[in-house]
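Both backbone and side-chain heavy atoms feed into the values below; hydrogens, waters and symmetry mates do not. Just so it is clear, the model here is predicted, and its values are computed rather than measured. Whatever order the structure lists them in is the order used to number ligands and atoms, beginning at 1.
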Amino acid sequence: MWEKKVYMNEKNTVFSGVQPSGDPQLGNYLGAFKGWVERQEEKDNYFCVVDLHALTVTPDPIELRKQTRELAAILFACGIDPDKSTLFVQSHVSSHAESCWLLNCVTPIGWLERMTQFKDKSKGQERVSTGLLDYPVLMAGDILLYDAQEVPVGEDQKQHVELARDIAERFNRIYGETFVIPEPVIPEIGGRVMGLNDPNVKMSKSYSHIRGHAVRMLDDPKEIERSFMRAVTDSSNEIRFSDDPDRAGVNNLLGIYKVITGKPEESVERDFYDARGYGDLKKAVAEVVIEELSPIREKYHQLINDVEELDRLLSIGAEQARAISDQKLRLMKEKMGLIVS
Ligand code: TYM
């Protein structure tokens with residue numbers, strides 16, 4: 001199967017990843033997974049469950065193993081098709097960790113200290129792991145090993161993809177043309193889904209245990225409805241899109257409805273002309289989300305019950321990923337003056 005991929009160079013290459021930490025939520029789905037699935041036909045795709053990245057926050061080992069398989073099953077359940085895309089686990093392909101070291105040696109430390117996610121995650125921590133600081137270099141390696149032109153991510157990862165570009169440019173300048181310069185691809189709406197309990201904070205896996213914050217992808221319909229009915233709105237009762245920070249809750253709900261239904265803004269607003277208030281809006285958003293996630297949840301439960309098959313698919317994915325990334329790692333080593341056997 002990988003031979004077919006190697007020769008499909010006329011398609012743009014796409015690389016993206018997701019961490020197996022916490023429960024995947026609606027923001028992951030709308031900001032990333034949905035677009036990955038929808039465009040997989042047109043591209044040469046690599047999707048990665050980035051377990052090495054998850055280690056930066058010292059997860060429980062048993063939980064990490066469990067969440068890695070669960071996340072892979074969710075991605076397959078969303079429609080990632082092993083005949084069209086390569087889906088694999090990062091630690092199964094050793095060139096990722098190795099390329100990180102090589103890229104570390106061309107990355108100024110100040111570039112990493114400036115990353116907003118590092119500043120947020122390290123704030124108030126007594127001890128911060130080197131891994132947390134180095135995280136975006138590992139991510140740059142992920143992307144650059146595959147010569148990815150496009151990196152579809154949510155808004156929060158844009159800065160990391162830009163750093164990958166800077167690292168690639170610096171490496172090319174020092175050692176000569178080696179890497180393709182990647183572009184972040186961010187969905188116009190859905191690139192930043194906000195928390196339902198606080199529309200000024202991004203919906204996040206790390207807070208998905210907080211009641212009312214996130215819609216988790218595997219929540220049952222009742223739970224999803226409850227989460228939306230509790231969503232924070234405002235007192236104006238006007239159902240239209242707006243940039244007003246005081247109306248961020250309603251804007252978030254309308255944005256979710258828009259991405260799922262695929263309707264233009266006017267038509268979304270028209271759907272709510274006769275609404276009796278925010279209760280109707282919340283119900284309608286809950287309905288479209290339930291309809292979208294239910295088949296995924298069902299498929300997930302079938303897949304997760306067959307761990308042997310899941311592991312088999314992941315080992316095929318890892319083999320395909322190795323076939324590409326090992327060549328690039330070898331080239332990096334040659335350019336840097338290592339003896340390549
Ligand atoms: P992670 O695991 O935090 O998130 C996975 C994807 O989901 C997107 N996302 C959101 N999009 C919209 N609204 C939200 N509220 C929201 N929350 C999360 C993220 O932007 C991301 O696209 N560092 C990455 C994983 C990674 C990676 C890579 C990505 C590692 N290597 C190489 C791209 C390319 C991360 O932690 O994503």
Practice task
Return yes if a side-chain donor-acceptor contact under 3.5 Å exists between Tyr278 and Asp234, otherwise no.
Solution key: yes
Exercise for the section: State, without any angle test, whether Ser204 and Gln25 hold a side-chain donor-acceptor pair at a distance under 3.5 Å. Expected result: no
Handout entry: Mode of Ile143 contact toward ligand 1 - side chain, backbone, both, neither (heavy atoms, under 4.0 Å)
Key = side chain
Practice task
Using a strict 4.0 Å threshold on nitrogen-to-oxygen distance, state whether Asp147 and Lys328 make a salt bridge.
Solution key: yes
Handout entry: Atom indices of ligand 1, in the order listed, that fall short of 4.0 Å to a heavy atom of Gly31
Key = 11 (N), 12 (C)
Handout entry: ligand 1 contacted by Ser204 (non-hydrogen, < 4.0 Å)
Key = no
Practice task
Grab the two heavy atoms, one from Leu314 and one from Phe88, that are nearest each other, plus how far apart they are.
Solution key: CD2-CA, 4.3 Å
Fill in the blank from the handout: Contact region, Met194 to ligand 1, non-hydrogen atoms below 4.0 Å, reads neither
Handout entry: Those atoms of ligand 1 less than 4.0 Å from some heavy atom in Tyr135
Key = 23 (N), 24 (C), 35 (C), 36 (O)
Exercise for the section: Taking only heavy atoms of His53 into account, list the atoms of ligand 1 that are under 4.0 Å away from them. Expected result: 30 (C), 31 (N)
Practice task
May I ask you to list the atoms of ligand 1 that are less than 4.0 angstrom from any heavy atom of Lys202?
Solution key: 14 (C), 15 (N)
Problem - Salt bridge flag under 4.0 Å for residues Glu287 and Lys283 - result: no
Handout entry: Side chains of Tyr46 and Gln320, donor plus acceptor under 3.5 Å
Key = no
Problem - Nearest non-hydrogen protein atom, atom 28 (C) of ligand 1 - result: Met139 CG, 3.4 Å
Handout entry: Nearest protein heavy atom with distance in Å, relative to atom 25 (C) of ligand 1
Key = Gly17 O, 3.6 Å
Problem - Subset of ligand 1 atoms that lie under 4.0 Å from at least one heavy atom of Val18 - result: 2 (O), 5 (C)
Exercise for the section: For the residue pair Tyr257 and Asp271, confirm or rule out a side-chain donor-acceptor distance under 3.5 Å. Expected result: yes
Practice task
List the closest protein heavy-atom neighbour of atom 37 (O) of ligand 1: residue, atom name, distance to the nearest 0.1 Å.
Solution key: Gln157 NE2, 3.8 Å
Exercise for the section: Could you tell me which non-hydrogen atom of Pro245 sits nearest to which non-hydrogen atom of Asn200, and how far apart they are? Expected result: O-OD1, 4.2 Å
Handout entry: Heavy-atom nearest neighbour in the protein, as seen from atom 19 (C) of ligand 1, with distance rounded to 0.1 Å
Key = Asp156 OD1, 3.4 Å
Exercise for the section: Please work out whether any backbone atom (N, CA, C, O) or any side-chain heavy atom from C-beta onward of Arg192 is under 4.0 Å from ligand 1, and answer side chain, backbone, both or neither. Expected result: backbone
Problem - Residue part near ligand 1, for Val151, under 4.0 Å between non-hydrogen atoms - result: side chain
Problem - Within 6.0 Å of CZ in Phe241, more than 12 heavy atoms from elsewhere - result: yes
Exercise for the section: Would you check whether Gln90 reaches within less than 4.0 Å of ligand 1, judged by its heavy atoms? Expected result: no
Handout entry: atom 3 (O) of ligand 1: nearest protein contact (heavy atom, Å)
Key = Lys205 NZ, 3.6 Å
Exercise for the section: Check ligand 1 against Ser16 and write out every atom of the ligand that is under 4.0 Å from a heavy-atom position of the residue. Expected result: 33 (C), 34 (C)
Fill in the blank from the handout: Logged contact type for Asn28 with ligand 1, heavy-atom cut-off 4.0 Å, is both
Exercise for the section: Indicate whether the side chain of Ser95 and that of Arg322 have a donor and an acceptor atom separated by less than 3.5 Å. Expected result: no
Practice task
Considering only NZ, NE, NH1 and NH2 on the basic side and carboxylate oxygens on the acidic side, decide whether Arg216 and Asp219 come within less than 4.0 Å.
Solution key: yes
Handout entry: ligand 1 contacted by Ala148 (non-hydrogen, < 4.0 Å)
Key = no
Problem - Nearest non-hydrogen protein atom, atom 22 (O) of ligand 1 - result: Gly154 N, 3.1 Å
Handout entry: Note: Arg226-Glu223 ion pair, threshold 4.0 Å (strictly below)
Key = yes
Practice task
Using a 4.0 Å heavy-atom cut-off, say whether Asp142 meets ligand 1 through its side chain, its backbone, both or neither.
Solution key: side chain
Practice task
Could you tell me the residue and atom name of the protein heavy atom closest to atom 11 (N) of ligand 1, and the distance to it rounded to 0.1 Å?
Solution key: Gly27 O, 3.2 Å
Exercise for the section: Assess the side chains of Asp44 and Asn12: does a donor N or O sit below 3.5 Å from an acceptor N or O? Expected result: no
Practice task
For the pair Glu150 and Lys43, find out whether any cationic side-chain nitrogen is under 4.0 Å from an anionic carboxylate oxygen.
Solution key: yes
Exercise for the section: Please determine, by modelled atom types, if Asp142 and Gln90 share a side-chain donor-acceptor pair under 3.5 angstrom. Expected result: yes
Problem - Numbered atoms and elements of ligand 1 in range of Phe15, under 4.0 angstrom, heavy atoms - result: 32 (C), 34 (C)
Handout entry: Those atoms of ligand 1 less than 4.0 Å from some heavy atom in Val153
Key = 22 (O), 29 (C), 33 (C)
Completion exercise
atom 13 (N) of ligand 1: closest protein heavy atom, distance to 0.1 Å, is Val193 N, 2.8 Å
Practice task
Using a 4.0 Å heavy-atom cut-off, say whether Ala32 meets ligand 1 through its side chain, its backbone, both or neither.
Solution key: side chain
